[in-house]
Amino acid sequence: MTQPKVRVRFAPSPTGYMHLGNARTAIYNWLYARHHGGAFVLRIEDTDRERSTQAAVQVIYEAMRWLGLDWDEGPFLQSERFDLYRRRAEELVASGAAYRCYCTPEELEQRRQQALAEKRNPKYDGRCRERREPRAGVDPVIRFRMPDTGETVLEDRIQGRVVTPNEELDDLVLLRADGTPTYNFTVVVDDHEMDITLVLRGADHLSNTFRQLHIYRAFGWEPPAFAHQSLILGPDRTKLSKRHGAVSVLQYRDEGYLPEALVNALVRCGWSHGDEEVFPLPRLIELFDLDAVSNAPAVFDFEKLRNKYNAEHIKLASRERLAELLRETLARRDGVVLDPADPRLGLLVDGLRERSRTLVEMAEGARPLLAEEVVWDEAAVRKHLQGEAADMLQALVQRLEALPSFDRPAVLAALDGLAAERGLKLGKVAQPARVALLGTAVSPPIDVVLAVLGRERALARLRAGVARAAGG
RNA sequence: GGCCCCAUCGUCUAGUGGUUAGGACGCCGGCCUCUCACGUCGGUAACCCGGGUUCAAAUCCCGGUGGGGUCGCCA
């Protein structure tokens with residue numbers, strides 16, 4: 001009870017799309033907050049005015065919404081808080097923890113190259129540390145004075161105890177020459193101002209953490225706890241990036257993935273709970289914690305996302321939701337517009353959910369049953385629509401015509417009855433019927449096909465099939 | 001290159017000193033079946049290497065090798 005309330009944040013930079021690595025960080029933070037009953041803060045780190053775009057900010061909101069990651073506070077835009085950072089930077093200058101540096105980017109680059117050429121560590125040499133005089137024509141940056149000796153210790157909640165020699169730390173820029181603040185500074189100021197208790201982020205920030213720790217110290221602030229999750233890798237085992245393709249979160253929505261499936265796959269990339277694989281969101285909230293997060297980098301398995309996680313969550317999803325998602329997918333991708341109340345949607349979901357790994361596959365499976373015209377697969381016709389099929393389909397037509405209702409149980413009973421009467425397996429009746437109805441030998445269950453087609457259309461196609469079989 | 005991190009089937013992982021090293025995706029085969037699927041049964045496939053510690057190491061320690069991250073007035 002004396003524990004301070006858990007407060008975590010997700011702090012993306014709006015410089016592109018939201019990719020899978022960001023998404024996993026957001027998910028981990030959100031789950032951590034929900035599991036511990038804490039607060040989840042969204043903060044947009046748009047300090048780089050050159051690269052940040054409004055469109056990218058919108059993409060972040062959209063991706064968060066789609067994934068179902070609601071935030072309790074924010075979004076806070078760092079670009080609206082520049083005054084705060086400037087004041088804080090001046091405090092550090094006044095206390096001697098930071099200083100103005102008049103070295104130009106060109107000079108720094110030259111020295112960096114030279115250091116590299118001489119195989120030296122290309123860190124800033126600190127030559128402006130004691131400088132008092134301004135330099136004509138140069139707008140200074142404000143640099144933080146890092147210790148030159150000793151070492152810095154981080155007790156990371158995922159990585160464990162990590163120690164770095166302070167010689168590795170160079171005097172980083174807090175405020176650029178144009179007065180805008182840099183990431184390593186704003187992140188410290190904001191995590192402190194927003195009372196963040198745990199910074200949970202990618203391991204690519206690990207080395208920054210040591211620098212940030214010294215900024216906390218200079219302010220006299222108690223730093224939050226840190227947890228650095230190892231990176232998600234592409235198939236080539238390097239940090240997942242644009243190069244690998246298929247890396248934008250919203251692309252998965254467009255390709256027919258369920259958000260909970262992507263969340264499941266991303267969470268399982270680095271977190272586990274025994275042999276369990278499929279986790280509905282509430283289960284994740286119940287179980288997720290840092291102790292089961294691995295600190296080994298993991299290759300993201302795109303195939304398993306589709307074959308396992310999405311397929312499983314499609315099986316778990318409600319009929320109503322799937323019907324609506326199928327309707328949207330059909331409209332968006334195929335221009336097939338159905339009324340939300342169209343009873344065929346539910347039937348299609350029933351017939352397709354177990355043979356679809358994505359909503360796109362489901363829509364593809366639905367299309368033939370919705371099409372006006374039959375497209376004939378000649379191989380299927382040759383195999384199933386020959387000679388005796390004419391007589392059988394004719395008998396089927398008569399049975400179906402006599403049906404009081406044309407629902408799944410009724411039509412299936414009609415087929416079963418016909419097969420029994422003739423001493424045949426159901427397949428001997430269903431396959432010719434399937435080909436006559438759709439032109440293909442592969443489809444959802446025959447009763448679903450008949451019910452979706454409806455009495456009129458089904459009978460018309462069956463009669464055409466009779467003619468074709470007889471004539472063929 | 002400096003610093004830091006990592007290392008179980010192809011991939012994600014379980015394992016926490018004594019297991020026939022388990023599960024999942026993929027792949028192969030059987031069964032089920034109105035097709036395709038689903039389901040189900042079985043098979044394929046792993047402890048990076050070398051030293052220690054121990055009666056006993058996938059598990060602990062050290063070294064090597066391999067992979068990754070990071071060294072910006074990007075985040």
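We name chains A, B, ... by the order of the sequence lines, and we start the count at 1 in each one. Basis for what follows: all heavy atoms, side chains included, without hydrogens, waters or symmetry-related copies.
Among the heavy atoms of the strands lying under 4.0 Å from A:His205 is at least one base atom, whether or not backbone atoms are also near. Nucleic acid contact class of A:Lys428 (heavy atoms, under 4.0 Å, all strands): none. A:Ile446 comes within 4.0 angstrom of a base, heavy atoms only. Residue A:Gln159 is in sugar-phosphate contact alone, with no base atom involved, counting any heavy-atom pair closer than 4.0 Å across all strands shown. Base contact: A:Val141 has a heavy atom under 4.0 Å from a base atom. The residue A:Arg112 sits close only to the backbone: its heavy atoms come under 4.0 Å of sugar-phosphate atoms, none of a base. Contact annotation for A:Thr182: backbone-only contact, meaning every heavy-atom pair under 4.0 Å involves sugar-phosphate atoms and none involves a base. Residue A:Pro445 is in base contact, counting any heavy-atom pair closer than 4.0 Å across all strands shown. A:Val429 comes within 4.0 angstrom of no nucleic acid atom, judged by non-hydrogen atoms across all strands. Heavy atoms of A:Pro444 sit under 4.0 angstrom from at least one base atom.
Using modelled atom types, one finds a donor on one side chain and an acceptor on the other under 3.5 Å when comparing A:Arg434 with A:Ser443. Side-chain atoms of A:Glu260 and A:Tyr309 form no donor-acceptor pair, as typed in the model, at a separation below 3.5 Å. Of the N and O atoms on the side chains of A:Asp171 and A:Tyr99, at least one donor lies less than 3.5 Å from an acceptor on the other residue. At a cut-off of 3.5 Å, with distance as the only test, a side-chain donor of A:Asn307 or A:Arg357 sits close to an acceptor on the other residue. Side-chain atoms of A:Arg201 and A:Gln229 include no donor-acceptor pair closer than 3.5 Å. Side-chain contact check for A:Arg51 and A:Ser13: no donor-acceptor pair (N or O, by modelled atom type) lies under 3.5 Å.
At B:rG67, none of the side-chain N or O atoms of A:Thr238 fall inside 4.0 Å of OP1 or OP2 (strictly under the cut-off). At B:rC6, one or more side-chain N or O atoms of A:Asn295 fall inside 4.0 Å of OP1 or OP2 (strictly under the cut-off). The phosphate of B:rG2 (OP1 or OP2) has no side-chain N or O of A:Lys123 nearer than 4.0 angstrom.
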Nucleotide by nucleotide, nucleotides 11-29 of chain B touches protein heavy atoms under 4.0 Å in the pattern (B base, S sugar-phosphate only, - none) BBSS-------BBBSS---
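In this structure, B:rG66 forms a base pair with B:rC6, meeting either the Watson-Crick or the G-U wobble geometry with both donor-acceptor distances under 3.5 Å. Pair assignment for B:rG1: B:rC71, on the basis of Watson-Crick or G-U wobble contacts that are both within less than 3.5 Å. With a 3.5 Å ceiling on both atom-pair distances, B:rA46 lacks any Watson-Crick or G-U wobble partner. The nucleotide B:rA58 finds no pairing partner, because no Watson-Crick or G-U wobble arrangement with both distances shorter than 3.5 Å includes it.
Comparing B:rC73 with B:rC12, their C1' atoms sit 40 Å apart, to the nearest whole Å. When the C1' atom is used for both B:rU70 and B:rA75, the distance is 13 Å, rounded to whole Å. Distance noted for atom P between B:rA58 and B:rC9: 15 Å (whole Å). Atom name C1', nucleotides B:rG66 and B:rC47: the rounded distance is 16 Å, in whole Å. Spacing between B:rC61 and B:rG22 at atom P, rounded to whole Å, works out to 25 Å. Nucleotides B:rG68 and B:rC36 place their C1' atoms 42 Å apart, quoted to the nearest Å. On the C1' atoms, B:rG15 is 12 Å away from B:rG23, given to the nearest whole Å. One C1' atom belongs to B:rA14, the other to B:rG69, and the distance between them is 26 Å to the nearest Å.
Taking atom CG of residue A:Asp377 and atom P of nucleotide B:rC36, one finds them 14 Å apart after rounding to whole Å. The CD atom of A:Glu107 sits 16 Å away from the C1' atom of B:rG72 (whole-angstrom rounding). Between A:Arg408 atom CZ and B:rC34 atom P there is a gap of 14 Å when expressed in whole angstrom units. For A:Met362 and B:rC38, the CE to C1' distance is 13 Å, given to the nearest whole Å. A straight line from CZ of A:Arg243 to C1' of B:rG68 spans 12 Å, rounded to a whole angstrom. In this structure, CG of A:Leu415 is placed 15 Å from C1' of B:rU33, rounded to the nearest angstrom. One atom, CD of A:Gln431, and another, C1' of B:rC36, lie 9 Å apart when rounded to the nearest Å. If you measure from atom CZ of A:Phe210 to atom C1' of B:rC5, you get 10 Å, rounded to the nearest angstrom.
Among the nucleotides B:rU70, B:rG72, B:rC34, the one closest to any side-chain atom of A:Asp447 is B:rC34. Nearest nucleotide to the side chain of A:Val442, out of B:rA75, B:rG69, B:rU35: B:rU35.
Classification of A:Glu193 and A:Arg88 as a salt-bridged pair holds, one side-chain N sitting under 4.0 Å from a carboxylate O. Salt bridge status for A:Glu378 with A:Arg468: present, with a side-chain N to carboxylate O gap under 4.0 Å.
Less than 4.0 Å separates RNA chain B from no heavy atom of any residue of residues 78-87 of chain A.
With ring centers used as reference points, A:Phe185 lies 6.0 Å or more from A:Tyr183. For A:Tyr28 and A:Phe10, the ring centers sit 6.0 Å or farther from each other.
Cation-pi geometry between A:Arg211 and A:Phe144 is not satisfied (NZ or CZ under 6.0 Å from the ring centre, within 45° of the ring normal).
With RNA chain B read from its 5' end, the first of the two nearest nucleotides for A:Arg143 and A:Leu412 is the one closest to A:Leu412. If A:Asp48 and A:Leu116 are placed on RNA chain B by their nearest nucleotide, the residue sitting closer to the 5' end is A:Leu116.
One finds the CG atom of A:Leu175 at 12.5 Å from the SG atom of A:Cys101 (value rounded to the nearest 0.5 Å).
In the interface, the side chain of A:Asn208 is paired with the base of B:rA75 through a donor and an acceptor atom under 3.5 Å apart. Contact annotation: side chain of A:Arg355 to base of B:rC38, donor-acceptor pair absent below 3.5 Å.
The backbone N or O of A:Gln78 sits nowhere less than 3.5 Å from a side-chain atom of A:Asp190 that would complete a donor-acceptor pair.
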